[in-house]
Amino acid sequence: MPVRLEDIVERLQKSHPDADVDLVKRAYIFSAKAHQGQTRLSGEAYLNHPIEVAGILADLKLDAATVAAGILHDTIEDTTSTHEEIKSLFGEETAKLVDGMTKLSRMELQTREQREAENFRKMIVAMANDVRVILIKLADRLHNMRTLKFLPPEKQKHIARETLDIYAPLANRLGIAKIKTELEDLSFMHLNPEAYREIARQVAQKRVERQAYLDELVELVKRRLAEHGYKGEITGRPKHFYGVWQKMQKQGISFDEVYDLIAIRIITDTKMNCYAILGLIHSLWTPIPGRFKDFIGVPKSNLYRSLHTTVIGPRGERVEFQLRTEDMHRVAEEGIAAHWRYKEKSAISQRDEQQFAWLRQLLEWQQDLPDAKEFMETVKGDLFPDVVYVFTPRGDVKELPLGSTPVDFAYSVHTDIGHQCVGAKVNGKIVPLKYQLQNGDRIEVSTQAGHTPSRDWLKFVKTSKARTRIKAWVKAEERRRSTLLGKELLEKELRKHDLNPSKVFKAEDLPRVAQEMSHNTLDDLLAAIGYGKVSAHQVTNKLTPDKPHIEPVPRKPLKKAASKSAGGAMKISGMDNMLIHLSKCCNPVPGDKVMGFITRGRGVSIHTADCPNVADLAFDRDRLVEVSWGDFAAAPHAVKITVRTEDKPGLLASISSSISAAEANITHAEASIGEDRQATLNFTIDIKDVDHLNRIIKNIEAINGVLNVQRVKTG
């Protein structure tokens, strides 16, 4: 049923008795005129969309300015209305919120990937400044997801994937459970319609018997609470479809094996009664070990508080119970919207500001990470909810992502503590720095003045803050060393040409040459020399254009193995005569999409674009170079493949013959039989390029008895 203006006003007055209702009504009239004649792809009047958005915001109990901004949120973007007009008619507060939404949409970038990354960055920054902008954005996305079926199928999938990857986790991080679950289910419906329909069908099949069981359970619990004098509002609810599907995927089970499809929620009057009722539930039914979680004693970072327990209920059914107070329930459903209290200039209480320190961290990250895509990946990594709770030596609780280490803990305390971390004790025992923290661990880190971080820490740290700080330090240190090395190399080259380095560095010519070679500063030029991107000889030639120049001594020839692999055919953007070697971590072959990374003393290492190590290299963009295979010579390339087969006589011979028939040479082969009576065959073969390899794999897959064939990219 469509939302009406009267419904919005009623909801607003219920949560804000003194709300400026006239502001909302005027916004409605203005939006109706501005959007007059506009329709959506569904055929309905465009005005329905901002009204539905405002209805969602009113459900979240937000203030009149936010609800009005929801009604007006598309007027600047999609009509002739201006920011000045909105400001003069509706005030600065509402105008800022509308402007914040408009800025999230106005992005003209080269690629869709760039646009998505920059939009995400602007959205997060807008949220850190005024969270109401993102609440409007979430409401806007929710209604768009409800009407997604009217878009082309390809666009449906793209928007659904973006929603599941970014907006649903963001709603969860902000504690807005009802928006998070609906976004997940709507995304699931469009991304995997067959699985969605199957789960919906199976849930519908058992709905009647499940509802009867639920009613029986609710009545039983009500009687027990009354007998013991506890107050409690009891409701039952089924798990949402995406949650059921996730459990099936994670545990590798069928729908019939998902036992705890039913959850009972008990909302009582005090925190003490939450624990008392928990004891009563455990006295009635056997609790399942490991399924009790106390989010009251240790709240989640999004302020969620409840007691969770799963018991073996009547007739052996597993039932999850959630116990909370009215205030806890409000926060669980509405999240940050329930905690935000607006005063002058959207000020918030000190208590809320401390609890949402994560929002302030976002601004720090966006300053530390100028690249929008890297910023998006960093924040996305911080949105997902799997966490561990550990204790400081003073007994304070710290929440960290699952898999965090003592180094992550050290950086969560302070950047300097992280940089200077040299050791750690967990529960009084010395542990390695890569030890993965467990719930309840008491951790103490040791520091040493002057100690600096290690690049190796990037292999195991989990938190965005630790990764960002380590990368920043490593990048700064690499640049410092490269600048010093570049200066040393240039000084040597200048002396070869009888030039005084001290005078050259004081003159104006060197900064001019730096500009000519597309470097903003002299330090940028020196760093490029140190990295190996520019030769000192090139710079000296530009400083002395009138002198006859001696060609530089050629670099050492490529190592034999590298020469064989690269065949002298790799082309490196902007560089000549560089040492090249193919990385063993991913074994690139001609035809693979590749990238180069300058490694001091070893030239350029070539990686496949999807190499797992690329993510840790990409932050140091000064050392990344574009490479291509060029006119590749017909040199053989060794590549490994693994073939899984049934245990049949003659299969090894058939596969070997297939490889030979494809004009590839087998340089190594080994076979083993597992307990499941399946064989694993490992081959190392010499191929020409990736197309040659794909033909070989296709031929092997066609052999009767072969289960699968995979290329092995690790050295």
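Heavy-atom basis, side chains included; hydrogens, waters and symmetry copies ignored. What you see is a predicted model, and the numbers here were worked out from it, not measured in a lab. The first residue in the sequence is number 1, and the count goes up from there.
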**Student:** What are the two closest non-hydrogen atoms of I470 and V407, and how far apart are they?
**Tutor:** CD1-CG1, 4.4 Å
**Student:** Answer whether the closest heavy-atom distance between the side chains of I159 and N144 falls below 4.5 Å.
**Tutor:**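 No, their side chains stay 4.5 Å or more apart.
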**Student:** Do side-chain atoms of D441 reach the backbone of V426 as a donor and acceptor pair under 3.5 angstrom?
**Tutor:**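 The answer is no, because no donor-acceptor pair under 3.5 Å joins these two groups.
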**Student:** Return the CD to CG distance between E184 and N172, rounded to the nearest 0.5 Å.
**Tutor:** 7.5 Å
**Student:** Which pair of heavy atoms, one from P401 and one from V388, lies closest together, and at what distance?
**Tutor:**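 Looking at all heavy atoms of both residues, the shortest contact is O-CG2, 4.0 Å.
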**Student:** Ignoring hydrogens and geometry, is there a side-chain-to-backbone donor-acceptor pair from H414 to D416 under 3.5 Å?
**Tutor:** yes
**Student:** With side chain to side chain contact (heavy atoms under 4.5 Å, CB included) as the criterion, how do I443 and N427 come out once you've worked through the C-alpha distance, each side chain's angles and the decisive distance to 0.1 Å?
**Tutor:** CA-CA 6 Å; I443 179 165; N427 304 324; over 6 Å; no
**Student:** Could you measure the distance from the CG atom of L183 to the CG atom of L138? Nearest 0.5 Å is fine.
**Tutor:**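 L183 CG to L138 CG: 7.0 Å, rounded to 0.5 Å.
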**Student:** Using a 3.5 Å distance criterion without hydrogens, assess whether the side chain of D408 forms a donor-acceptor pair with backbone atoms of T405.
**Tutor:**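 Checking the backbone N and O of T405 against the side chain of D408, a donor-acceptor pair under 3.5 Å is found.
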**Student:** Atom CD of residue position Q246 - does it have more than 12 heavy atoms of other residues, nucleotides or ligands inside 6.0 Å?
**Tutor:**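 For Q246, atom CD is crowded (more than 12 foreign heavy atoms under 6.0 Å).
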**Student:** Identify the two heavy atoms, one from T684 and one from A638, that lie closest to each other, and give their separation to 0.1 Å.
**Tutor:** CG2-CB, 4.3 Å
**Student:** Evaluate the side-chain proximity of W473 to H419: yes if any heavy-atom separation is below 4.5 Å, no if none is.
**Tutor:** yes
**Student:** Salt-bridge test for R394 and E444: reply yes if a basic N is under 4.0 Å from a carboxylate O, no otherwise.
**Tutor:**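 No salt bridge links R394 with E444.
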**Student:** Hey, does the Lys NZ or Arg CZ of R469 hover above the aromatic six-ring of Y411, less than 6.0 Å from the centre and inside 45° of the axis?
**Tutor:** no
**Student:** Quick one: do R711 and D592 make a salt bridge, cutoff under 4.0 Å?
**Tutor:**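 Salt bridge flag = yes for D592 with R711.
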**Student:** Mind checking the CD-OG1 spacing from E670 to T642? Nearest 0.5 Å is all I need.
**Tutor:** 8.5 Å
**Student:** Quick one: NE2 on H190 to CE on M145, what's the gap to the nearest 0.5 Å?
**Tutor:**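 Separation between the atoms: 5.5 Å.
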**Student:** Go through the steps to decide whether T452 and Q420 satisfy the test side chain to side chain contact (heavy atoms under 4.5 Å, CB included), and finish with yes or no.
**Tutor:** CA-CA 6 Å; T452 55; Q420 297 173 14; over 6 Å; no
**Student:** Taking all non-hydrogen atoms of both residues into account, name the closest pair between T483 and A527 and its distance.
**Tutor:**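 Closest heavy-atom pair between T483 and A527: OG1-CB, 3.7 Å.
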**Student:** Looking at every non-hydrogen atom in both residues, tell me the closest pair between L323 and I296 and how far apart they are.
**Tutor:** O-CD1, 4.2 Å
**Student:** Report yes if the side chains of F409 and T392 come closer than 4.5 Å at any heavy-atom pair, otherwise no.
**Tutor:** yes
**Student:** Is it the case that the side chain of S605 and the backbone of F597 share a donor-acceptor pair, with hydrogens and angles ignored and the cut-off at 3.5 Å?
**Tutor:**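 Judged by distance alone, yes, a pair lies under 3.5 Å.
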**Student:** Could you walk me through whether L437 and L400 pass the side chain to side chain contact (heavy atoms under 4.5 Å, CB included) check?
**Tutor:** CA-CA 9 Å; L437 299 170; L400 296 168; 3.8 Å; yes
**Student:** In terms of ring plane angle, is the pair H240 and Y242 parallel, tilted or perpendicular, where the classes change at 30° and 60°?
**Tutor:**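 Plane angle between 30° and 60°, so tilted.
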**Student:** Are the side chain of T468 and the backbone of S464 linked by a donor-acceptor contact shorter than 3.5 Å?
**Tutor:**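 Yes, because the side chain of T468 sits within donor-acceptor range (under 3.5 Å) of the backbone of S464.
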**Student:** Indicate whether any N or O donor in one side chain lies under 3.5 Å from an N or O acceptor in the other, for H607 and S583.
**Tutor:** yes
**Student:** In the structure I gave you, are the side-chain heavy atoms of T463 and S412 within less than 4.5 Å of one another anywhere?
**Tutor:**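 With C-beta onward as the side chain, the pair stays apart.
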**Student:** With a 4.5 Å heavy-atom cut-off, do L278 and F292 have their side chains touching?
**Tutor:** yes
**Student:** Atom CG of L525 and atom OG of S518: how far apart are they, to the nearest 0.5 Å?
**Tutor:**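 These two atoms lie 10.5 Å from each other.
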**Student:** Any idea which heavy atoms bring A171 and I179 closest together, and the distance?
**Tutor:** CB-CG2, 4.0 Å
**Student:** Could you tell me which residues satisfy salt bridge (charged side-chain N to carboxylate O under 4.0 Å, His left out) with E477, sequence neighbours excluded, listed by chain and number?
**Tutor:**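 E477 satisfies salt bridge (charged side-chain N to carboxylate O under 4.0 Å, His left out) with R480, R481 only.
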**Student:** Under a plain distance cut-off of 3.5 Å, with no hydrogens placed, do R161 and S187 share a side-chain donor-acceptor pair?
**Tutor:** no
**Student:** With a 4.5 Å heavy-atom cut-off, do K465 and T415 have their side chains touching?
**Tutor:** yes
**Student:** Under a 4.0 Å N-O cut-off, is there an ion pair linking D294 with R305?
**Tutor:** no
**Student:** Between V474 and P453, is there a side-chain heavy-atom distance shorter than 4.5 Å?
**Tutor:** no
**Student:** Should F241 and M189 count as side-chain neighbours, where that means a heavy-atom distance under 4.5 Å?
**Tutor:**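 Not touching, per the 4.5 Å side-chain cut-off.
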**Student:** Salt bridge between K178 and E182, side-chain N to carboxylate O under 4.0 Å?
**Tutor:** no
**Student:** Examine distances only and state if a side-chain atom of Q436 and a backbone atom of K434 form a donor-acceptor pair shorter than 3.5 Å.
**Tutor:**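 No; zero donor-acceptor contacts below 3.5 Å.
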**Student:** Does the side chain to side chain contact (heavy atoms under 4.5 Å, CB included) test come out yes or no for R324 and L307, once each step is laid out?
**Tutor:** CA-CA 7 Å; R324 58 180 73 148; L307 297 178; over 6 Å; no
**Student:** Would K487 and D523 satisfy salt bridge (Lys or Arg N to Asp or Glu O under 4.0 Å), going step by step from the backbone distance to the final call?
**Tutor:** CA-CA 9 Å; K487 186 177 181 182; D523 277 353; over 6 Å; no
**Student:** Would you give the length of the straight line joining atom CG of L191 to atom CG of D165, rounded to the nearest 0.5 angstrom?
**Tutor:** 8.5 Å
